[in-house]
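As structure tokens, the structure follows; a few thoughts come after it.
Convention: sequence-line order gives letters A, B, ...; per-chain numbering from 1. All of these numbers come straight from a predicted model, not from anything done at the bench.
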Amino acid sequence: EAGVTQFPSHSVIEKGQTVTLRCDPISGHDNLYWYRRVMGKEIKFLLHFVKESKQDESGMPNNRFLAERTGGTYSTLKVQPAELEDSGVYFCASSLGGYTEAFFGQGTRLTVV
Amino acid sequence: QKEVEQNSGPLSVPEGAIASLNCTYSDRGSQSFFWYRQYSGKSPELIMFIYSNGDKEDGRFTAQLNKASQYVSLLIRDSQPSDSATYLCAVMGGGTSYGKLTFGQGTILTVHP
């Protein structure tokens, strides 16, 4: 069974550009999460989808970040326009239930220059 | 005060020794507690989770939880060089925060032959 997959694995963009990260959760997992780790800091929660609905988006930094999960399958996280402080590793995770084990993807390393 | 704090590393132990990793959390309403292992450049991988006060053992790993002291720990017995990794403590709340993990900054463990 495929795990959580994320695309791309690395992205280098200039300040002001737009980047879209994609996450394919494990098949059948209704719960999908986005997290971010910036240099030297702990992994921080961004948001939580249950199917196509946003259950909790309390961790989204600002309105430059837009997450979608059309049809309750894969999810995208768009950053527009990107700023230098957006650099970090963006992790996606999925779980069957809200209280069950969350499986993480390999992450997308975003560098904004 | 950080929401989840882990003992500062790096932690270095000889092969065969017991490695002790500690974590404290600030939210008394926290429901579930997780230990993830992350190898460099890889995704976090769940090792143990614990919900109830006391000890939970799985092979060489033992998780200990004391909700009154807001403390959770992970013991690794008979440490192996392959255990060298960053260990992440994560806490899950309840209510509308279900599913959301709050991470500590991680403790780097090195097991030397």
Side-chain angles (χ1 to χ4, degrees), chain A residues 2-10 21 23-26 29-51 53-60 67 69 75 88-109, chain B residues 1-10 21-27 29-52 56 58 61 63 72 85-108:
Chain A
V4 177
T5 53
Q6 294 186 243
F7 305 94
S9 56
H10 294 84
L21 313 181
C23 170
D24 286 74
I26 293 172
H29 281 195
D30 286 340
N31 294 269
L32 186 149
Y33 313 86
W34 284 98
Y35 290 86
R36 177 175 74 170
R37 185 170 200 165
V38 298
M39 183 81 74
K41 301 285 188 180
E42 64 271 21
I43 296 173
K44 281 197 176 284
F45 169 85
L46 296 178
L47 89 160
H48 171 196
F49 282 102
V50 178
K51 296 185 180 179
S53 300
K54 292 176 184 174
Q55 166 67 27
D56 182 353
E57 54 184 328
S58 61
M60 294 289 265
R69 191 182 182 193
S75 174
V89 181
Y90 289 76
F91 289 104
C92 176
S94 72
S95 67
L96 198 56
Y99 290 103
T100 57
E101 176 182 0
F103 295 85
F104 280 76
Q106 300 271 55
T108 294
R109 182 174 295 278
Chain B
Q1 181 191 7
K2 289 188 175 182
E3 293 182 72
V4 178
E5 291 207 58
Q6 298 184 234
N7 52 323
S8 58
L21 303 161
N22 305 313
C23 175
T24 58
Y25 59 94
S26 61
D27 183 2
S30 298
Q31 302 283 326
S32 313
F33 307 86
F34 302 81
W35 283 100
Y36 281 84
R37 177 177 63 197
Q38 187 178 23
Y39 294 111
S40 181
K42 302 295 185 181
S43 57
E45 171 193 14
L46 184 68
I47 303 173
M48 296 277 295
F49 62 88
I50 186 167
Y51 304 128
S52 304
K56 180 181 179 182
D58 184 0
F61 300 95
V72 58
T86 298
Y87 288 79
L88 303 166
C89 172
V91 173
M92 184 186 293
T96 56
S97 294
Y98 84 90
K100 170 185 175 181
L101 294 173
T102 301
F103 283 88
Q105 72 273 31
T107 300
I108 298 172

(message) Do B:K100 and A:S58 make a side-chain contact, defined as non-hydrogen atoms from C-beta onward lying under 4.5 Å apart?
(response) yes
(request) Using non-hydrogen atoms and a 4.5 Å limit, figure out which bit of A:V50 sits close to chain B: side chain, backbone, both or neither. (result) side chain
(request) Might you confirm whether atom CG of B:L46 has over 12 heavy atoms from other residues, nucleotides or ligands at distances under 6.0 Å? (result) yes
(message) Can you tell me if B:F34 has over 12 outside heavy atoms packed within less than 6.0 Å of its CZ?
(response) yes
(request) Would you indicate whether B:K56, at its atom NZ, is surrounded by more than 12 heavy atoms from other residues, nucleotides or ligands within a distance under 6.0 Å? (result) yes
(request) Could you check which of A:I43, A:V89, A:V4, A:N31 has the highest count of heavy-atom pairs closer than 4.5 Å to chain B? (result) A:I43
(message) Working note: A:K41 + B:Q105, criterion side chain to side chain contact (heavy atoms under 4.5 Å, CB included); need CA distance, chi angles, decisive distance, verdict.
(response) CA-CA 6 Å; A:K41 301 285 188 180; B:Q105 72 273 31; over 6 Å; no
(message) If we ignore hydrogens and angles and just use 3.5 Å, is the side chain of A:Y35 paired with the main-chain N or O of B:L101 as donor and acceptor?
(response) yes
(request) Apply side chain to side chain donor-acceptor pair (under 3.5 Å) to A:Y90 and list each qualifying residue two or more places apart in sequence or on a separate chain. (result) A:R36
(message) Tell me the closest heavy-atom pair linking A:G105 and B:S43, and the distance in Å.
(response) O-CB, 2.8 Å
(request) Sequence neighbours left out, what passes side chain to side chain donor-acceptor pair (under 3.5 Å) with A:T5? Give chain and number order. (result) none
(message) Taking the side chain as everything from C-beta on, heavy atoms only, tell me whether B:E3 gets closer than 4.5 Å to A:E42.
(response) no
(request) With a 4.5 angstrom heavy-atom cut-off, could you sort out which part of A:R109 is near chain B: side chain, backbone, both or neither? (result) neither
(message) Is B:Q38 in contact with chain A via its backbone, its side chain, both, or neither, using a 4.5 Å heavy-atom distance?
(response) side chain
